[in-house]
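Numbers here simply count residues along the sequence, with the first being 1. The figures that follow rest on heavy atoms only: side chains count, while hydrogens, waters and symmetry mates do not.
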Amino acid sequence: MATAATAKDQKLKRFNYQGLNKGGAKIKGIIDAPTEAQARLTLTKQGLSAVKVQARIELFGSGKKKITSGDIAIFSRQLATMMAAGVPLVQALEIVANGHENPSMGELLTSVKSDIEAGASLAEALAKHPIYFDDLFVNLVDAGERSGALENLLDRIATYKEKTEALRKKVKKALTYPIAVLVIAMIVTAILLIFVVPQFQELFQGFGADLPAFTMMVIRLSEFMQANVLPILGGLAVVGFSFSQAKKRSPAFRKLLDRIALKLPVVGEIQSKSAVARFARTLSTMFAAGVPLVEAMESVAKASGNIVYEEAVMTMREQVMTGTQLQVTMEQVGVWPPMATQMVAIGEESGALDEMCSKVADFYEAEVDNLVDQLSSLMEPMIMAVLGVLVGGLVIAMYLPIFKLGSVV
């Protein structure tokens, strides 16, 4: 587990390796590590004598698909199903790897299989790929292997991954749909200003009369766009790149964005309730697996999907370590809805915290689903209105002089 935690603090690279295990058998596979030296050290700790460690060369346009969270969710369910059916672990991994539609996922699972054949446990093999298998995944697999209930834990992991992936898609839909439509509207408007309005401008030059103020405003805007289209595109590219880098590298900036997102109408409510659902679902899964509460809460914090809630969970963790009840800490941080707090209190008193958290997760996942549908219904007329104002305004501006043509003649 320590390997995964350490590697997460640095930028990871992928290395192909060849080596010998303690029995002298040749082993090869893929390992994620910050440097080649760290990769060799990790292999040595796993009982392998590294013969060759080489950075993987990923060619642009090589046709390889990126491994997504959806791929990991599907793999979890496939492995859980086969293990429950009595298929040996190594054989199950080989079947999934050979039958996966994503070649990159097949390579990853082949590497995991090779590590297990070399004597590593499933948890140790997965921990070598923290980009795809987080601490929560690895800790649950480790708990399953230690307790002898790996099949049951894999089923819980699969259910957890499926539900969190479905929730992620709902939130993504809520956020991307209006943004995508507005971006398209702006692109259409820019095309009209740069290519269509100049054609009308040439027509208006022979009118011999003053053009309406609205038409002149649109023509001036069109001239500005034509003269500065490259600087505008360059500026947008710089702003977009700076935004992505600041979001990636600055925790303070991410925290600011997360706080702003929580205050937006409808969208903020979706973000808030999805964070509560993730918190409850993750806590339920880990507590049911027998992971101690204090140990589980670090993974719960990372799974919340919002820095505001992540910091709240870490604050709660420190208080729980001193012996404070979870329900009391939830009330003190002040970000959790009363229903979630009361359900957790009932779970603590009855000794069924995992069941109560699961019910909380089900409720708030359904709430997010309803809010996404409401947002879609709300955004459709608003988007039509925006498109009407932008495109319709340009059309009206261009046709106003034509309406005056009769008086000019």
Side-chain angles (χ1 to χ4, degrees), residues 4 12 14 29-32 58 62-117 120-145 149-174 176 274 277-278 280-282 284-286 288-289 299 302-303 305 358 361-362 365-366 368-369 372:
L12 296 172
R14 307 199 76 190
I30 303 171
I31 184 172
D32 297 319
E58 303 289 351
S62 61
K64 288 193 176 181
K65 294 170 60 179
K66 181 181 178 181
I67 297 175
T68 65
S69 56
D71 291 328
I72 301 300
I74 292 172
F75 156 70
S76 304
R77 175 55 64 195
Q78 290 174 324
L79 186 61
T81 301
M82 281 192 249
M83 291 287 291
V87 180
L89 177 59
V90 172
Q91 185 180 350
L93 286 169
E94 184 174 2
I95 293 171
V96 177
N98 293 336
H100 209 285
E101 295 180 355
N102 188 344
S104 299
M105 189 67 188
E107 287 185 10
L108 174 64
L109 298 181
T110 299
S111 176
V112 172
K113 179 177 77 73
S114 298
D115 292 333
I116 293 173
E117 290 174 332
S121 67
L122 178 59
E124 291 170 342
L126 296 176
K128 290 169 61 177
H129 307 279
I131 297 174
Y132 309 114
F133 302 104
D134 55 18
D135 288 343
L136 185 150
F137 199 114
V138 174
N139 288 339
L140 289 177
V141 169
D142 184 57
E145 289 182 308
L150 182 59
E151 295 86 352
N152 294 334
L153 264 295
L154 284 172
D155 182 69
R156 286 186 177 276
I157 293 171
T159 301
Y160 169 77
K161 284 290 182 182
E162 288 165 352
K163 288 184 177 295
T164 52
E165 180 66 10
L167 181 63
R168 186 190 68 82
K169 287 182 178 179
K170 291 171 186 174
V171 176
K172 184 178 179 181
K173 175 186 174 184
T176 57
S274 65
R278 289 191 189 101
R281 180 68 63 196
T282 309
S284 171
T285 303
M286 297 201 76
S299 296
K302 293 175 182 177
S358 180
D362 289 339
E365 285 167 357
V368 170
D369 200 9
V372 170

Side chains of [X] and [Y] in contact at under 4.5 Å (non-hydrogen atoms):
| X | Y | result |
| --- | --- | --- |
| Tyr132 | Leu126 | no |
| Leu79 | Leu89 | yes |
| Arg156 | Leu140 | no |
| Met105 | Ile72 | yes |
| Leu136 | Ile157 | no |
| Gln91 | Pro88 | yes |

What's the spacing between [X] [atom1] and [Y] [atom2] if we round to 0.5 Å?
| X | Y | atom1 | atom2 | value |
| --- | --- | --- | --- | --- |
| Ser69 | Lys161 | OG | NZ | 7.5 Å |
| Glu124 | Asp115 | CD | CG | 9.5 Å |
| Glu365 | Ser274 | CD | OG | 10.0 Å |
| Glu165 | Asp71 | CD | CG | 9.0 Å |
| Glu94 | Ser114 | CD | OG | 10.0 Å |
| Leu109 | Gln78 | CG | CD | 8.5 Å |

How far apart are the closest heavy atoms of [X] and [Y], and which atoms are they?
| X | Y | value |
| --- | --- | --- |
| Met286 | Ser299 | SD-CB, 3.6 Å |
| Ser121 | Ile116 | O-CG1, 4.3 Å |
| Ser358 | Ser284 | CB-OG, 3.5 Å |
| Pro130 | Ala127 | CD-O, 3.5 Å |
| Gly144 | Leu153 | CA-CG, 3.7 Å |
| Val141 | Ala123 | CG1-N, 3.8 Å |

Test side chain to side chain contact (heavy atoms under 4.5 Å, CB included) on Lys66 and Ser104; report intermediate values, then the result. CA-CA 7 Å; Lys66 181 181 178 181; Ser104 299; over 6 Å; no
Answer yes if the side chains of Arg77 and Thr159 hold a donor-acceptor pair under 3.5 Å, and no otherwise.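 A donor-acceptor contact under 3.5 Å links the two side chains.
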Do the side chains of [X] and [Y] get close enough for a salt bridge, i.e. N-O under 4.0 angstrom?
| X | Y | value |
| --- | --- | --- |
| Lys113 | Glu117 | yes |
| Lys302 | Asp134 | no |
| Arg281 | Asp362 | yes |

May I ask you to decide if Glu107's main-chain N or O and Ser111's side chain share a donor-acceptor pair within less than 3.5 Å?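 Answer holds: no.
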Is the Phe133 ring parallel, tilted or perpendicular to the Phe75 ring (thresholds 30°, 60°)?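 Phe133 vs Phe75 ring planes: perpendicular.
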